[in-house]
Each structure stands twice: as C-alpha cells, then as structure tokens.
Amino acid sequence: MGDMSTIKTNIQASRPKYLSPTRGCVQLWSQTMIPTTREAPGDAQTPSHIFLTRAGYIRRVGAGIYNYLPLAWRSLKKISAIVRDEMDQAGASEMLMPALMPVELYSGTKRDVDYGDLLFTLEDRHGRKAALGPTHEEVITDLMCSSLNSYKQFPLNLYQIQTKFRDEFRPRAGLLRCREFIMKDAYSFHLDLEGDAGLNTTYDKMYQAYTNIFTRCGLDFSAVEAEAGPIGGSASHEFMVNCESGEDTILVCPETGYAANVEKAEIGPRDWSFDVTSDVEITMHHTPGMPGIEGVADHLGVTAAGMLKSIVMRTTEDTPRWVVAVVRGDHEVNEAKVRDAVGTSVELAPEAEAQAAGFSIGYVSPRATETIESILVVDPDTLHDANWATGADEKDHHVTGFNWARDMSTSIAADKVKVADIRNAHAGDPSPRAKGVLLVERKGIEVGHIFKLGTKYSDAMGLNVLDKNQKKQSVIMGCYGIGVSRTLSACVEMSNDDNGIIWPASIAPYHAQIIVIKPKEEGVLEEANKLASELAEQGIDVLIDDRDERPGPKFKDADLVGLPVRFIISPKTIEANSVEFKARLDAGKAQMIDRNDAIQSALDSLATAQNRRIAD
RNA sequence: CAGGGUGUAGCUCAGCUUGGUAGAGCGUCUGGUUUGGGACCAGAAGGUCGCAGGUUCAAGUCCUGUCUCCCUGACCA
C-alpha cells in the first residue's frame with residue numbers, strides 16, 4: 001500500500017504539465033454538446049472563426065458576443081489554469097471584482113471621457129448611471145485607497161480572470177475582437193521603481209510569467225517592445241502570437257531577436273550629412289490646391305521619396321514652442337519619437353493657430369524655421385541627397401531643387417537643427433541592435449500586454465501612503481493583461497489546416513479522441529472505455545466518439561475538433577489485439593499499432609504536439 | 001462613426017429584374033437497405049420571407065422608414 005502510493009507520487013511528479021495532474025476525464029460525445037457543421041456560417045471569414053464555429057466550440061449570440069460551448073469552455077479553463085498557476089508562482093493573488101460599477105468611478109480619471117463610446121453604460125431603476133467594466137484600474141485603485149495604508153504592504157500584485165465589456169466600434173473575426181470577452185488583468189502596487197519591492201522587479205517577474213504562460217499554451221509568440229506610457233523607456237511589452245493573418249505588425253532584428261511594434265521600433269544608425277552639393281537650382285512651381293504629397297509629386301514629376309514632408313507640431317508645455325518635423329515624403333512622422341528628440345511631449349499643431357503663426361500649412365518646408373522661431377527636427381533619410389522637392393512656404397506653391405547646405409546655410413551653421421530618428425520604421429530599415437542587419441516585418445495577434453503605469457491612477461484618485469520617513473508618497477502601479485478568450489482563437493488562427501484545428505496538448509479540450517466504429521457491436525464500446533480508462537490513468541483527457549454514425553463523418557469531425565491524438569477502435573482492431581492510432585499533426589490515415597503500445601504512443605505524440613512550435 | 005454589403009426553414013443559399021399557392025441542398029425525425037474519409041431509397045416535421053408603414057384586387061418581390069449582422073478604416077486583450 002505504502003509502496004503503491006510512493007510510486008504514484010513519483011509518476012505524477014514526472015508527469016508533463018500539459019497532462020492532468022490527477023486522473024484525466026473521460027466523456028462521451030453523445031452526452032455532451034458538440035454541434036459540428038459541414039458548412040461555415042456566411043459571416044465567418046477568418047480561420048479561427050470558421051473552425052471554432054464549424055467544430056462546435058462557439059456560437060454567435062450577437063455582434064461580438066458568443067456562447068462558449070463545452071469544448072471551448074474546457075480549453076478556456078485550461079488556459080485559465082495555466083495563467084493562475086504562473087501568476088500565483090510569480091507572487092500574485094487572485095481576487096474578483098464586479099463587472100458592474102458606478103460610472104462615477106470613471107469620472108475621477110476622466111476615462112469616462114477618454115474611453116468614450118467604448119464604455120458600456122446603463123442606468124438602474126433609480127436613474128443612477130452604471131458601467132460595465134472594460135478594465136479595472138479604477139475599481140482596484142479605489143479599493144486600495146481604503147485598504148492600502150502602510151509602506152509595509154508593498155509590493156502587492158492582485159489579479160482576476162473575468163468577463164470584460166467594451167463597446168467596440170467594430171467587433172470582428174469571431175473571438176478575436178469581442179464586445180464581451182474573458183481577460184486576466186493584474187495590478188501591482190509599489191513605492192519604488194527599483195529594488196525587491198519595486199515596480200521594475202514585479203514587471204520583470206510578470207514578463208517571465210507571461211513568457212511561461214504562452215510557452216505552456218504551446219504558442220509561437222514574440223515579446224515585443226510597445227509604445228511606452230508616461231514613464232518612458234521600454235516600459236511596455238506586448239506578447240504577440242506569430243501568425244500571418246494577425247492584424248498587428250512587428251519588426252524583428254533577425255540577428256539579435258530585438259522585436260518591437262511598428263509604432264515603437266527604433267531604426268539603427270544611418271549615415272547623413274548636410275553637405276551634399278547639387279547644381280540644380282531651386283525653382284518655384286505653382287501647385288494650386290495640392291497640399292498632399294502624392295498629388296504634388298505627380299504634378300512635379302518626382303516620386304514621394306524625392307520629397308520632404310514637413311509636419312508642424314508644438315510642444316504641450318505651458319508656453320508651447322513650435323516644432324517642425326521633417327521626414328521623406330514616403331515616410332510617416334512618429335509622434336513619440338519626436339517627443340523623445342525634443343525632450344518634451346508634442347502634439348500636432350492645430351491648423352488655424354499654425355497658420356496664424358505664419359506657417360503655410362500644406363506647403364511648409366524646413367525653411368519656415370528660418371523666419372518662425374521653432375525647433376527643427378530632421379530624419380537622417382532626408383540628408384543624403386541634395387535635390388529635394390518640398391513646400392515653398394507660400395500657399396499653392398512648391399519648390400524643386402532644394403538643397404540643405406545651400407538653401408538653409410544659416411540655420412544649419414547656427415546648429416539650430418536636431419537630426420534624429422523620428423519616423424515609423426519599416427521592413428528593410430537598419431536594425432538598432434546589430435550593424436549591417438536589416439529589420440524584418442512579421443504579423444501577430446496581441447494576446448498579452450504588460451505596462452508600467454506609474455502614478456497616473458494613484459494621482460488621479462489620491463492613492464498614497466506614508467513611507468518609512470513619514471512622507472506621503474503616490475503609489476506606483478503596473479498593470480498586466482492577458483486576453484484569455486483571444487488566446488484561444490489566436491491559437492487556432494496560428495495552427496490549423498484545411499480540415500480543421502490542430503491543438504497543442506496543453507489547451508486542447510481533450511488530449512485524445514477515441515473513435516468507435518460500429519459501437520453497437522458486442523464488446524466494442526467496452527474496449528473503448530477500457531482504453532479510455534488506461535489513458536485517463538496517465539492524466540490524459542479522453543473524448544469517446546460513441547455516436548452510431550458511419551466512419552466518414554466521425555473522421556471528418558475528429559479532424560475539425562483537432563485533438564492531438566486519435567485512436568480508432570472497431571471489431572477489426574479488437575480481433576487483431578491492436579488499435580489504430582493517428583496524431584492530428586500527421587497526414588494520411590491511421591496506423592495499426594499493438595494494443596500494448598497504445599498508451600506510450602499517445603504520450604509520445606502529445607509531447608510532439610506540445611513542443612513543435614516552440615522548437616520552430 | 002463613415003463607406004460598401006446583407007437579412008427567406010436549425011445551417012448554406014435560390015426566388016426579387018418582370019407582384020399571382022414558399023423553394024433546393026445539408027441537418028433533424030420515421031421505416032428500410034447499408035457501414036473505414038461527410039452512403040442510398042421511401043416518407044415526415046420545420047418558414048407570419050428582420051420589423052413597421054405604404055402602393056396594389058394581390059407584396060418575399062415595388063416604395064418609405066427602422067433595426068440586425070458582415071466587410072473596409074482610427075482603437076485595443
């Protein structure tokens with residue numbers, strides 16, 4: 001007896017995490033709800049939407065609102081279990097906040113305005129306004145105001161897994177963008193940035209926890225730098241499932257692994273010089289009603305890449321200063337990069353005020369800064385050529401043959417110009433981390449986002465405590481989100497073939513499917529149950545397709561549902577003391593294997609299914 | 001929100017131009033024949049044609065309004 005339990009404990013200790021730590025579950029197809037369909041609904045476009053619907057995981061209730069049927073719910077529970085496990089290990093505590101909340105909570109941070117129509121609001125019978133939570137910064141900060149009162153309580157990291165509501169402008173692609181969705185959101189609280197109790201330590205722990213979570217989910221993903229918030233630096237990372245059909249674009253350095261969202265990606269050093277000479281004379285052209293780059297380029301017979309685009313911005317200081325940002329005509333100015341170059345936050349200048357200051361909006365050139373007091377910021381790509389087309393600083397006029405050295409000698413000499421990376425990066429730009437290496441573009445689906453919030457919410461809502469020196473300090477916060485339901489669909493989006501879904505072992509609703517051929521014949525169903533029981537003993541969840549159907553539809557449905565391993569039991573296999581076996585990953589038909597090898601084949605195959613994407 | 005499309009049986013769709021008894025395939029149910037990659041035969045159930053109003057002897061079809069859902073755009077887990 002004692003020996004038995006010791007052995008059992010050892011087996012379980014060595015059992016991979018994608019298997020059930022206890023006995024696996026065994027369920028009959030005929031006794032659950034798996035409404036597969038031959039045809040996709042007309043409104044489904046993306047693979048995850050089509051297959052999750054066809055394979056009987058989800059059904060649409062309204063725009064961006066879905067039923068999670070038993071299969072989907074099993075997968076979602078498995079994802080949630082992984083999330084909980086890793087969050088708990090990283091020192092976070094789970095709790096649950098309400099989805100319904102008084103709207104006044106949001107007016108404190110002005111997010112009722114910032115969020116705008118994205119916030120679902122409703123009225124109760126007394127005419128009081130309420131909101132359905134899109135995230136919970138306000139609720140938890142409010143809670144902390146009354147519960148957090150000593151520096152000794154830090155650091156603190158709380159999370160929940162809960163349904164969120166966002167009145168999206170356009171819900172789409174099944175579970176990928178919903179109005180009601182399941183999210184894990186965590187919030188951490190600190191008094192310092194550095195040190196064991198500091199935000200940065202917790203942030204790094206969350207980064208590692210997220211890496212563990214998505215690895216355990218069997219996803220091919222990248223952690224990428226995202227646009228930083230109020231703190232600056234690399235204070236924000238997005239976790240992207242790599243997938244061609246993703247709507248986010250990221251840029252990757254193939255050499256160093258540096259990866260960033262396009263809006264954030266830095267561009268490596270580029271050669272530049274103001275002293276490029278040219279014989280071409282500067283010439284004025286009449287270009288009536290052509291403020292846009294494309295029209296003018298056409299009219300002047302140049303390409304957009306041969307033009308300079310000068311965007312008038314201003315700082316958001318108390319006494320704003322003008323900023324003229326110059327990039328090549330085919331590039332886009334990146335506001336955050338201009339902010340970093342200027343050293344203070346900037347915004348696009350309101351047209352009327354810029355006009356009043358003397359800027360001919362739509363026809364501005366770098367030369368405007370010679371007469372109007374302003375900061376000139378220039379992208380290096382505008383500085384290795386000498387013959388530019390650009391605005392003439394006069395309504396309805398452009399010039400060709402502009403030459404920095406010749407036509408702006410005073411400003412340049414006076415060192416009034418800043419040369420900096422101020423444009424959006426593109427594939428083919430130099431990597432910021434490795435010399436001579438070019439950035440490569442990839443598509444992804446954002447499933448997680450970690451963020452250093454700083455004191456934005458604590459300041460807005462008065463969350464502060466006394467520190468060791470009895471000084472009042474604003475609490476520093478971080479927040480960490482995972483789209484649980486989106487993770488499910490992102491996985492399908494990433495991993496499918498013409499016949500259906502291909503799950504990794506860890507988040508498949510069941511690990512294995514047993515197809516029973518001729519279940520009504522004597523002993524067949526019994527043999528299936530016996531095999532299922534043996535598999536369950538190993539922590540494998542089993543779905544037995546016991547329906548009295550012909551084999552064809554059962555095979556098709558099995559492909560659709562996409563469980564990693566499949567057994568087929570029939571009078572034939574029983575007679576031969578064998579069983580048919582097929583991994584979902586393998587092409588072709590099932591192979592006859594010895595009945596005694598069944599369990600080992602399943603275990604091996606599950607390991608392959610789980611690890612293949614990570615190996616890639 | 002802007003632009004484009006859509007709504008007829010549980011699902012996929014035809015019928016609308018040219019108004020006249022509500023259709024097909026799949027699925028479901030019954031009986032029979034079948035049983036290894038979405039079988040066959042016979043039968044059955046199932047729709048106030050998104051909703052409201054109008055034109056007409058007569059509207060799924062024409063007109064007006066309204067709603068739904070989908071696709072393309074800025075935002076986001």
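Nucleic acid contact for A:R60: sugar-phosphate only, since backbone atoms but no base atoms lie under 4.0 Å from a heavy atom of the residue. The residue A:P41 sits close only to the backbone: its heavy atoms come under 4.0 Å of sugar-phosphate atoms, none of a base. Residue contacts shown for A:D185 are absent, as no nucleic acid heavy atom lies under 4.0 Å away. Counting any heavy atom pair closer than 4.0 Å across all strands shown, A:A40 reaches sugar-phosphate atoms only and no base atom. Residue A:R547 is classed as having no contact, given no heavy-atom separation below 4.0 Å to the nucleic acid. The residue A:E580 sits close to a base: some heavy atom pair falls under 4.0 Å. In this structure, A:S570 reaches the bases: a heavy-atom distance under 4.0 Å links it to at least one base atom across the strands shown. Nucleic acid contact class of A:K518 (heavy atoms, under 4.0 Å, all strands): sugar-phosphate only. Residue-level contact check: A:K572 touches the bases, meaning some heavy atom is under 4.0 Å from a base atom. Residue contacts for A:A490: at a heavy-atom cut-off of 4.0 Å it reaches no nucleic acid atom on any strand shown. Within 4.0 Å of A:K589, counting heavy atoms only, lies at least one base atom of the nucleic acid. Looking at heavy-atom distances under 4.0 Å, A:N499 makes no contact with the nucleic acid at all. When heavy atoms are screened at a 4.0 angstrom cut-off, A:I161 is found touching no nucleic acid atom at all.
Taking 3.5 Å as the limit, the base of B:rC76 and the side chain of A:R486 contain a donor-acceptor pair of atoms between them. Counting atom types as modelled, A:R550 pairs a side-chain N or O with a base atom of B:rU34 as donor and acceptor under 3.5 Å.
Proximity note for A:E39 (side chain, C-beta onward) versus B:rC26, B:rU12, B:rU28: the nearest is B:rU12. Closest to the side chain of A:K556, out of B:rA77, B:rG36, B:rG38, is B:rG38. Of the candidates B:rG37, B:rC70, B:rA77, the closest approach to any side-chain atom of A:A63 belongs to B:rC70. Listed nucleotides B:rG38, B:rA77, B:rG36 differ in distance to A:M183; the shortest reach to its side chain belongs to B:rA77.
A salt bridge links A:R84 with A:E94: at least one charged nitrogen is closer than 4.0 Å to a carboxylate oxygen. Ion pairing between A:R423 and A:E332 fails under the 4.0 Å rule for side-chain N and carboxylate O. In this structure, A:D548 does not pair ionically with A:K518, as no charged nitrogen and carboxylate oxygen lie closer than 4.0 Å. Classification of A:D248 and A:K443 as a salt-bridged pair fails, no side-chain N sitting under 4.0 Å from a carboxylate O. Taking a cutoff of 4.0 Å between a charged side-chain nitrogen and a carboxylate oxygen, A:R172 and A:E247 qualify as a salt bridge.
The closest side-chain heavy-atom distance from A:T573 to A:I568 is not below 4.5 Å.
Taking atom CD of residue A:E549 and atom C1' of nucleotide B:rG36, one finds them 14 Å apart after rounding to whole Å. Counting to the nearest Å, the C1' atom of B:rC75 and the CD atom of A:E446 are 11 Å from each other. One interatomic measurement links the two molecules: CZ of A:R38 to C1' of B:rU12, which rounds to 11 Å at whole-angstrom precision. Between A:R54 atom CZ and B:rG38 atom C1' the separation is 10 Å, expressed in whole Å. Between A:N261 atom CG and B:rC75 atom C1' there is a gap of 13 Å when expressed in whole angstrom units. Atom CG of A:L175 is separated from atom C1' of B:rC76 by 15 Å (rounded to the nearest Å). With rounding to whole Å, A:E168 atom CD is found 13 Å from B:rC71 atom P.
Nucleotide B:rU28 forms a Watson-Crick or G-U wobble pair with B:rA44, both donor-acceptor distances falling under 3.5 Å. The partner of B:rU66, taking Watson-Crick or G-U wobble pairs whose two distances both stay under 3.5 Å, is B:rG50.
Side-chain nitrogen and oxygen atoms of A:R177 include none within less than 4.0 Å of the OP1 or OP2 phosphate oxygen of B:rC75. Between B:rC71 and A:R170, a contact under 4.0 Å exists linking OP1 or OP2 to a side-chain N or O.
The aromatic ring of A:F181 sits over the base of B:rA77, with ring centres less than 5.5 Å apart and planes inclined by under 30°.
A donor atom on one side chain and an acceptor atom on the other are found under 3.5 Å apart for A:Q208 and A:N212.
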